[in-house]
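Structure, as structure tokens:
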Amino acid sequence: MKIEVAMRDRLIMFGAAAPGILGVGLGLLLTRDVVQAAIIGGVLALISAAISLTPPVTAARMRNLRRKYPKED
């Protein structure tokens with residue numbers, strides 16, 4: 001069960017970052033102009049940043065960090 005939760009959290013974090021990662025490539029696919037591709041990529045990067053700040057993604061990131069770095073007493 002712990003593995004399923006970890007995979008779900010990683011999927012949430014990757015889904016939030018996907019528009020920013022794929023932005024310029026998608027822009028080049030849609031248009032052959034580098035300037036338009038950069039603008040599309042920049043807009044998608046801003047959308048990705050906004051999605052990354054939402055509470056579900058922040059909670060998934062915090063759970064992932066807690067699993068990665070457990071609290072030591």
Side-chain angles (χ1 to χ4, degrees):
M1 182 172 162
K2 190 173 185 179
I3 294 174
E4 295 170 0
V5 174
M7 290 300 292
R8 181 180 52 117
D9 288 343
R10 287 187 189 118
L11 182 63
I12 290 170
M13 291 185 304
F14 179 76
I21 295 169
L22 302 174
V24 175
L26 182 66
L28 283 173
L29 254 165
L30 293 175
T31 66
R32 299 291 184 214
D33 187 17
V34 176
V35 174
Q36 287 179 355
I39 292 171
I40 292 171
V43 168
L44 287 175
L46 287 174
I47 290 171
S48 177
I51 292 171
S52 293
L53 294 175
T54 61
V57 178
T58 304
R61 189 178 307 116
M62 292 304 293
R63 284 190 302 267
N64 188 38
L65 286 172
R66 285 189 189 115
R67 271 192 303 276
K68 192 172 183 179
Y69 303 109
K71 189 175 182 180
E72 295 180 13
D73 290 329

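Using a 4.5 Å cut-off between side-chain heavy atoms of Ile, Leu, Val, Met, Phe, Trp and Tyr, with links allowed through other members, Leu22 and Leu28 fall into different hydrophobic clusters.
Residue pairs meeting the side chain to side chain donor-acceptor pair (under 3.5 Å) criterion with at least one partner in residues 47-64, sequence neighbours excluded, are Asp9-Arg63.
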Test side-chain contact (heavy atoms from CB on, under 4.5 Å) applied to Leu11 and Arg8, step by step: CA-CA 5 Å; Leu11 182 63; Arg8 181 180 52 117; 5.6 Å; no

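Here CG of Leu44 is found 12.0 Å from CD1 of Ile39. Values are rounded to the nearest 0.5 Å.
With Val43 as the fixed residue, the side-chain contact (heavy atoms from CB on, under 4.5 Å) test singles out one of Leu46, Ile40, Ile47: Ile47.
Minimum heavy-atom separation, Pro56 to Ile12: O-CG2, 4.2 Å. The two residues Ala16 and Pro19 make their nearest non-hydrogen contact at O-CD, 3.6 Å.
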